[in-house]
2 protein chains.
Amino acid sequence: MLNSVNPGKPPRDSEAVDGRRRRLTAEDRRKQLVGIGLMMLRTQPIHELSIDAVAAEAGISRGLLFHYFPTKRDFYVEVMSAAGRRLLRVTKPDPALPADEQLRQMLLTFVAFVTRRRDSYISFVRGAAGGDVFVVEVYAATRAGLTTRVLDLLAEPTQEPASPIRMTVHAWLAYVEDLTIEWSGLPEHARPSSPDDLVDHTIAALHALRSL
Amino acid sequence: MLNSVNPGKPPRDSEAVDGRRRRLTAEDRRKQLVGIGLMMLRTQPIHELSIDAVAAEAGISRGLLFHYFPTKRDFYVEVMSAAGRRLLRVTKPDPALPADEQLRQMLLTFVAFVTRRRDSYISFVRGAAGGDVFVVEVYAATRAGLTTRVLDLLAEPTQEPASPIRMTVHAWLAYVEDLTIEWSGLPEHARPSSPDDLVDHTIAALHALRSL
DNA sequence: TCACGCTATTGAGCATTGCTCAGTAGGTGC
DNA sequence: GCACCTACTGAGCAATGCTCAATAGCGTGA
């Protein structure tokens with residue numbers, strides 16, 4: 001697991017294939033490291049991301065990682081943040097469609113996204129935190145982004161965080177998330193409905209909750 | 001932070017006030033340590049619970065903690081598990097009441113519980129995991145316990161995990177949880193409703209979701 | 001093409017912390 | 001009072017987060 005000698009293993013990256021240092025721009029290196037973090041997030045909770053492992057994967061020294069990210073926390077806040085942005089990006093609906101179609105599409109994408117990388121997503125939602133204040137914030141920001149988007153699609157331009165409609169939509173997203181996680185955790189043949197039915201259900205739920 | 005010398009500090013516990021070892025029964029010691037874990041959970045995420053800190057708080061050596069809990073994970077799974085049991089115990093309704101009253105009471109207690117120790121609860125829900133498989137299971141078991149209880153109160157004795165009604169109730173609990181966390185996060189004067197109204201809303205939501 | 005400077009990069013080393021283990025000592029039964 | 005059981009200690013190891021002085025790619029100007 002140490003990166004210093006690494007005798008038998010093949011070079012992990014484009015790094016140091018000829019034994020010489022490879023010098024990247026600061027930006028490229030940061031991107032590479034965050035990318036590795038995202039990849040490793042798939043198989044392990046964020047807190048078990050060891051700086052050693054990341055550095056080894058990138059083929060660099062531990063010290064360099066601390067050059068870019070002063071603390072481990074800085075690093076994984078960055079990684080979590082990238083994960084959140086990716087979720088928002090992936091589920092962004094096509095603005096050319098009518099609003100209700102956008103909502104459908106967004107939810108379908110969300111279900112597909114969670115299903116495809118379920119463990120990773122759970123790591124994001126829960127492991128996210130680990131109770132860590134900073135990472136909780138990243139998750140909260142992502143959720144808030146989704147909430148705002150849904151409110152827009154509902155033509156409810158409410159912005160105050162404490163407004164009932166916003167709180168309802170926010171909590172409804174928790175409902176959708178839980179349902180999706182549970183649903184995608186079932187083996188395919190045991191799922192009581194298709195993704196489309198699932199999405200239909202959540203949309204119906206949204207309208208029902210809204211009119212309470 | 002070391003517990004070995006500890007010159008100026010007052011004795012932290014009933015331990016070693018006279019410099020002599022204090023020998024507890026295995027059961028008492030375990031209870032004490034889990035209790036300390038629960039207490040510390042209030043102020044810090046579970047993963048940052050250091051064995052050193054717990055041992056110091058208990059006035060014992062690090063070694064002893066490992067005598068009772070082979071790994072750190074064993075320890076905090078135990079702590080989380082105790083937290084889950086406490087939640088279930090506290091929110092257990094009075095079986096003498098009619099079913100809908102039991103549900104009300106349970107939800108009111110839940111809201112009060114979360115409001116009172118919000119950080120601790122968030123640590124449990126999210127930090128819970130940290131993505132750690134074992135701790136996720138503890139949380140899942142707690143949630144499953146609540147779900148079963150609600151199903152009973154609804155006179156829906158469904159037990160298959162994949163049944164639609166069970167999944168709905170499970171996800172509804174996520175809805176309730178999110179709403180409660182957000183609600184209790186607002187300063188008291190900014191809350192858009194009383195606890196009773198909040199509970200009424202969630203009950204209405206349950207019935208609406210159920211009949212979709 | 002070559003020296004120069006900026007900074008990306010290294011690697012030794014420190015402190016903390018999870019964990020092990022051989023040995024010590026408090027309490028209980030005979 | 002002796003002996004046994006086991007709660008308990010503390011030294012020490014390995015892994016890991018983090019620091020820092022030194023090194024060496026790579027772009028730039030002459």
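Each chain gets a letter, A, B and so on, in the order the sequences are listed, and its residues count up from 1. Computed over heavy atoms, backbone and side chain alike; hydrogens, waters and symmetry mates excluded.
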For this session: Examine distances only and state if a side-chain atom of B:Arg62 and a backbone atom of B:Ala55 form a donor-acceptor pair shorter than 3.5 Å.
Result: no
Problem set entry | Separation of atom CG in A:Leu49 from atom P in D:dA15, rounded to whole Å | 19 Å
Exercise. How long is the line joining CZ of B:Phe69 and C1' of D:dA7, in whole Å?
Worked result: 14 Å
Exercise. Do the rings of B:Tyr175 and B:His201 sit parallel, tilted or perpendicular, given the 30° and 60° boundaries?
Worked result: parallel
Distances for protein N/O vs nucleotides 3-7 of chain C N/O pairs under 3.5 angstrom?
unit_1	atom_1	unit_2	atom_2	d
C:dT7	O2	A:Arg23	NH1	3.0
C:dT7	O2	A:Arg23	NH2	3.0

Exercise. In Å, rounded to the nearest 0.5 Å, how long is the span from CZ of A:Phe113 to OG1 of A:Thr91?
Worked result: 8.0 Å
Exercise. To the nearest angstrom, how far is B:Lys72 atom NZ from D:dT16 atom P?
Worked result: 13 Å
Problem set entry | OP1 or OP2 of D:dT9 under 4.0 Å from side-chain N/O of B:Arg62 | no
Exercise. Over how many whole Å does the gap from B:Tyr68 atom OH to C:dT20 atom C1' extend?
Worked result: 17 Å
For this session: Please state how far atom CG in A:Leu24 lies from atom P in D:dC26, giving the value in whole angstrom units.
Result: 9 Å
For this session: Would you mind classifying the nucleic acid contact of B:Thr25 as base, sugar-phosphate or nothing, using non-hydrogen atoms under 4.0 angstrom?
Result: nothing
Exercise. What's the CG-C1' distance between A:Asp74 and D:dC18, to the nearest Å?
Worked result: 12 Å
For this session: For the pair B:Trp183 (side chain) and B:Ser193 (backbone), establish whether a donor and an acceptor sit closer than 3.5 Å, ignoring hydrogens and angles.
Result: yes
Problem set entry | Atom-to-atom span, CG of A:Asp52 to P of D:dC18 - whole angstrom | 12 Å
For this session: Give the nucleotide from the list C:dG11, D:dA7, C:dG18 with an atom nearest to the side chain of B:Phe66.
Result: C:dG18
Problem set entry | Atom-to-atom span, CZ of B:Arg29 to P of C:dG27 - whole angstrom | 11 Å
For this session: Check every strand shown and say whether B:Ile51 touches a base, only sugar-phosphate, or nothing at a heavy-atom separation below 4.0 Å.
Result: sugar-phosphate
Exercise. Can you tell me if A:Ser81 and A:Arg85 form a side-chain donor-acceptor pair at under 3.5 Å?
Worked result: yes
Exercise. Is the Lys NZ or Arg CZ of B:Arg116 less than 6.0 Å from the centre of B:Tyr121's six-membered ring, within 45° of the axis?
Worked result: no
Problem set entry | Backbone of A:Leu49 reached by a side-chain donor or acceptor of A:Lys72 within 3.5 Å | yes
